[in-house]
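Below, chain A is the first sequence line, B the second, and so on; all start at residue 1.
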Number of protein chains: 2
Amino acid sequence: MLPDLPWRPIVTESISQNTAPLRTSERILDAAEDLFAQKGYAATSLGEVADRVGIRSPSLYNHFRNKEALYEAVLERLLEEFGRPLQALQSAQALDQEHVIEWVEAIVRQHHANPNLAKLLQHAALSGGPHTNEIIERLFSPMFRAPGDEAMDGDYFGHLSRLGLQPWAVMAFNNLVMSYVTMAPMYRDLLGQDPFSDEALAQQLTLIRTLLKSVFAYRGE
Amino acid sequence: MLPDLPWRPIVTESISQNTAPLRTSERILDAAEDLFAQKGYAATSLGEVADRVGIRSPSLYNHFRNKEALYEAVLERLLEEFGRPLQALQSAQALDQEHVIEWVEAIVRQHHANPNLAKLLQHAALSGGPHTNEIIERLFSPMFRAPGDEAMDGDYFGHLSRLGLQPWAVMAFNNLVMSYVTMAPMYRDLLGQDPFSDEALAQQLTLIRTLLKSVFAYRGE
DNA sequence: CGGGCTAATGTGAATAATCGCGCCTCCTGA
DNA sequence: TCAGGAGGCGCGATTATTCACATTAGCCCG
């Protein structure tokens with residue numbers, strides 16, 4: 001038994017916990033995030049999470065109460081780090097169409113940098129689990145402001161606004177951005193390039209910007 | 001145990017298998033289709049499928065070799081019934097933009113009538129399973145024709161074609177359509193209406209048509 | 001300076017539930 | 001009577017979870 005223990009003292013991180021191996025709980029979150037995003041909550045086993053971290057599954061319970069709590073911690077971290085860069089943009093921006101484009105492009109870059117939130121939301125939406133509403137609310141509250149606030153309530157979408165389809169248009173562009181990452185394998189196959197490369201990001205940005213400008217410019221048939 | 005069995009003799013389907021209760025294998029396919037679409041392959045248990053049909057799980061093996069074969073039968077049926085109405089359109093249509101709109105709208109109606117194919121593809125794309133490529137190929141081969149065939153290769157997308165983004169635009173509109181059904185709970189929450197109602201379908205069609213016309217009309221910044 | 005306390009974090013073993021799947025039996029309808 | 005299709009039973013694997021431990025690091029105290 002115990003042929004050779006993979007034990008290293010793990011450099012004593014007296015004060016600087018910044019460099020070198022992260023705390024175990026962070027590494028658990030990293031592994032669980034990827035697995036939940038890829039396979040969904042039910043299809044992810046704690047044993048697999050533990051394997052990736054390099055520990056046994058019972059050890060997970062030293063850091064998280066149970067599987068559900070682990071999922072919520074993953075979700076919490078994702079939502080927080082996704083919203084942070086957007087809050088700066090949100091408070092400082094004027095209300096013209098150019099800033100709407102900037103806003104959407106920032107979201108594209110966020111999902112491109114870490115596709116896991118979009119994947120998690122897609123899994124939740126598909127299986128209609130209890131997390132769906134929570135994610136939706138926290139993710140979209142910055143987009144749909146309270147009535148009276150005119151942030152996203154102007155005539156940005158030109159003809160579409162006149163048709164009463166403004167919220168539908170907001171949803172559509174958001175889905176467009178998110179489905180790009182949740183459908184990444186499709187892009188890899190059909191376009192023959194890595195969908196997360198810098199070139200692909202540039203093309204995706206050009207596409208989104210062109211689509212937005214098209215809609216802004218459109219004045220009805 | 002066995003408080004009250006939900007057993008009805010289920011009217012004898014002597015010859016007319018057309019009306020009334022379908023053959024068992026069809027009912028298995030129906031149940032499995034919904035469950036695979038909702039929870040994905042790994043998270044769906046055969047016991048759950050059997051429960052929905054009203055039989056015990058070992059009886060499933062009288063109709064399908066194993067879980068994998070059941071999934072492939074579900075997929076086969078979905079792909080076949082999805083492509084059937086489109087083939088008529090495909091062969092008969094001229095090549096102008098109005099027919100591209102008709103084509104896209106037909107796809108919208110198909111996914112609206114049965115969202116399960118889109119959900120299945122989304123699950124496959126997320127977990128990167130071995131089915132992904134098969135679905136993609138069979139679903140998109142009518143859209144991307146062989147080079148030389150100009151079906152989807154004209155200047156439909158105006159400025160976007162000039163940017164070399166035509167395939168990206170095709171993918172984008174397809175994702176738009178599919179994400180509407182895979183993200184249905186989001187629409188229910190944020191827009192406060194049943195995303196599969198006739199009104200919602202009409203609005204979705206208007207949105208897609210307007211977006212297409214916008215792009216068609218756009219001539220660069 | 002050393003000894004013991006505590007909290008943190010790891011381990012293997014064990015449990016109950018559930019999974020896919022195969023074997024065998026029995027019933028029923030043509 | 002005979003075969004297809006249903007159920008019963010059970011195996012082996014995997015699941016989340018709990019438990020009874022080891023081992024470590026830091027801290028207080030004499």
Side-chain angles (χ1 to χ4, degrees), chain A residues 1-17 20-32 35-36 39-74 127 129, chain B residues 1-17 20-29 31-32 35-36 38-74 127 129:
Chain A
M1 315 306 171
L2 300 180
D4 56 336
L5 290 173
W7 263 131
R8 274 152 290 173
I10 298 195
V11 230
T12 45
E13 30 161 343
S14 53
I15 299 179
S16 78
Q17 67 203 23
L22 297 92
R23 342 181 38 82
T24 307
S25 59
E26 295 290 324
R27 302 191 5 236
I28 294 175
L29 284 176
D30 291 341
L35 286 169
F36 283 144
K39 322 172 68 165
Y41 178 82
T44 298
S45 80
L46 292 184
E48 215 171 348
V49 175
D51 276 351
R52 289 213 182 184
V53 181
I55 60 179
R56 306 288 137 201
S57 63
S59 305
L60 296 177
Y61 289 82
N62 289 323
H63 304 269
F64 301 94
R65 219 174 59 260
N66 52 26
K67 191 183 182 184
E68 176 74 18
L70 173 57
Y71 181 88
E72 301 213 341
V74 165
S127 46
Chain B
M1 319 307 172
L2 301 181
D4 57 335
L5 290 173
W7 261 130
R8 274 153 289 171
I10 299 195
V11 233
T12 46
E13 29 157 346
S14 53
I15 296 178
S16 78
Q17 69 206 21
L22 298 93
R23 356 177 26 86
T24 306
S25 60
E26 294 290 324
R27 296 195 297 134
I28 295 175
L29 283 175
L35 286 170
F36 283 142
Q38 178 182 108
K39 321 171 67 165
Y41 179 82
T44 298
S45 80
L46 293 184
E48 216 172 346
V49 176
D51 276 352
R52 287 212 184 185
V53 181
I55 61 179
R56 306 286 134 198
S57 66
S59 304
L60 296 177
Y61 289 82
N62 292 323
H63 303 268
F64 300 94
R65 219 173 60 257
N66 52 26
K67 189 184 182 181
E68 176 73 17
L70 174 58
Y71 180 87
E72 302 214 341
V74 165
S127 46

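- Note on A/Ser45: a side-chain N or O is less than 4.0 Å away from OP1 or OP2 of D/dT15.
- Under the side-chain contact (heavy atoms from CB on, under 4.5 Å) criterion, B/Ala73 pairs with B/Leu29, B/Phe64, sequence neighbours left out.
- The side-chain contact (heavy atoms from CB on, under 4.5 Å) search around B/Ala31 returns B/Val49, B/Arg52, B/Val53, not counting sequence neighbours.
- Taking atom CG on B/Leu35 and atom C1' on C/dC19, their separation rounds to 15 Å, with Å as the unit.
- Here D/dG5 presents its P atom at 7 Å from CG of B/Asn62, a figure rounded to the nearest Å.
- Between the CZ atom of A/Arg56 and the P atom of C/dA13 there is a distance of 11 Å, rounded to whole Å.
- Among the heavy atoms of the strands lying under 4.0 Å from A/Ser59 is at least one base atom, whether or not backbone atoms are also near.
- The closest side-chain heavy-atom distance from A/Ile28 to A/Ile55 is below 4.5 Å.
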Under 3.5 Å between N/O atoms: give me all the protein pairs with nucleotides 17-21 of chain D, atom names plus distance.
unit_1 : atom_1 : unit_2  : atom_2 : d
D/dT17 : OP2    : A/Tyr61 : OH     : 2.7
D/dT17 : OP2    : A/Lys67 : N      : 3.1
D/dT17 : O5'    : A/Tyr61 : OH     : 3.2

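- Partners of B/Glu48 by salt bridge (charged side-chain N to carboxylate O under 4.0 Å, His left out), not counting sequence neighbours, listed by chain and number: B/Lys39.
- By the side-chain contact (heavy atoms from CB on, under 4.5 Å) test, B/Glu68 is found to be paired with B/Tyr41, B/Asn66, B/Glu72, B/His131, residues two or more places apart in sequence or in another chain being considered.
- With C/dT11, C/dT9, D/dT15 as the choices, the nucleotide that has an atom nearest any side-chain atom of A/His63 turns out to be C/dT9.
- The distance from atom CG of A/Leu60 to atom P of C/dG10 is 9 Å, rounded to the nearest whole Å.
- The side-chain contact (heavy atoms from CB on, under 4.5 Å) test applied to B/Asp51 returns no partner, not counting sequence neighbours.
- Atom C1' of nucleotide C/dG22 and atom CZ of B/Phe64 are separated by 18 Å, given to the nearest angstrom.
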